[in-house]
Amino acid sequence: MATGASVCRKVIVGSAMGLHARPAAQIVHIAGKYNSELKLRRTDGKGSDADCRSVLAMLMLAAGKDTELELRGCGIDAAEAVNSVAEYFERNFDDK
């Protein structure tokens, strides 16, 4: 993990289509704006950590609607990075 502050926040997949390729790509874009390391993990223990800079890793979570995930950031701007990604989840990936 990167050095610096560590921040953790629970997020819920609210989109009916789950965490699919388009939102995963947008999360990669958001994560790329920050220096901190960001990871997602299912809270039900299925699967392993997914790097938020990898679309494939996030798709491997197989996170459908209502899946609870733990979003963890570590680094100098971890709080801002975690909040940005969490807000995207709260907006249901901007699905219309």
Side-chain angles (χ1 to χ4, degrees):
M1 281 246 163
T3 59
S6 183
V7 179
C8 183
R9 187 165 166 184
K10 302 275 193 223
V11 293
I12 304 285
V13 178
S15 171
M17 295 182 1
L19 178 55
H20 57 93
R22 185 190 52 78
Q26 182 61 28
I27 291 168
V28 168
H29 177 73
I30 294 167
K33 296 177 183 179
Y34 301 96
N35 293 315
S36 295
E37 185 175 271
L38 292 171
K39 298 211 180 239
L40 283 169
R41 172 184 280 189
R42 292 178 64 120
T43 60
D44 61 8
K46 295 179 183 174
S48 58
D49 287 357
D51 187 338
C52 289
R53 294 178 197 272
S54 169
V55 171
L56 184 57
M58 286 185 281
L59 294 178
M60 295 293 291
L61 289 171
K65 181 170 173 41
D66 298 327
T67 301
E68 184 180 71
L69 302 170
E70 179 182 81
L71 173 61
R72 288 181 289 122
C74 186
I76 193 159
D77 54 2
E80 186 179 353
V82 166
N83 286 335
S84 290
V85 173
E87 287 170 7
Y88 185 59
F89 273 88
E90 290 168 359
R91 295 192 315 266
N92 291 329
F93 308 139
D94 295 332
D95 285 346
K96 303 289 185 250

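Annotation: the span from Ile27 atom CD1 to Phe89 atom CZ amounts to 4.0 Å, rounded to 0.5 Å. To the nearest 0.5 Å, the span separating NZ on Lys39 from SG on Cys52 amounts to 8.5 Å.
A donor-acceptor distance shorter than 3.5 angstrom exists from the side chain of Lys65 to the backbone of Gly14, with no hydrogens or angles considered. Between the side chain of Arg53 and the backbone N or O of Ala31 there is at least one donor-acceptor pair closer than 3.5 Å. Proximity of a side-chain donor or acceptor of Arg41 to a complementary backbone N or O of Arg72 within less than 3.5 Å is not detected.
Partner of Leu69 under the side chain to side chain contact (heavy atoms under 4.5 Å, CB included) criterion, chosen from Ile12, Val13, Asp44, Thr43: Val13.
In this structure, the side chains of Val82 and Ser36 stay at 4.5 Å or more apart for every pair of heavy atoms. Asp94 is not listed as a side-chain neighbour of Gln26, based on a closest heavy-atom distance of 4.5 Å or more. Between Ile30 and Leu38, every side-chain heavy-atom pair lies at or beyond the 4.5 Å cut-off. Arg9 places none of its side-chain heavy atoms less than 4.5 Å from the side chain of Val85.
Residue Gly18 comes nearest to Pro23 through the heavy atom pair O-CG, 4.3 Å, listed as atom of the first residue, atom of the second, then distance. Across all their heavy atoms, Asp95 and Ser15 have their closest contact at OD2-OG, 2.5 Å. Of all non-hydrogen atoms in Glu70 and Cys8, the two that sit nearest each other are CG-SG, 3.2 Å. Of all heavy-atom pairs spanning Ala21 and Val55, the tightest one is O-CG1, 4.4 Å. Smallest separation of non-hydrogen atoms from Ser84 and Tyr34: OG-OH, 2.6 Å.
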Could you walk me through whether Leu40 and Val11 pass side-chain contact (heavy atoms from CB on, under 4.5 Å), step by step? CA-CA 9 Å; Leu40 283 169; Val11 293; 4.3 Å; yes

Checking Thr67 against Leu61 for the side-chain contact (heavy atoms from CB on, under 4.5 Å) test, could you report, in this order, the C-alpha distance in whole Å, the side-chain angles of both residues, the deciding distance, and whether it holds? CA-CA 10 Å; Thr67 301; Leu61 289 171; over 6 Å; no

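Atom NZ of Lys46 has 12 or fewer heavy atoms from other residues, nucleotides or ligands within 6.0 Å.
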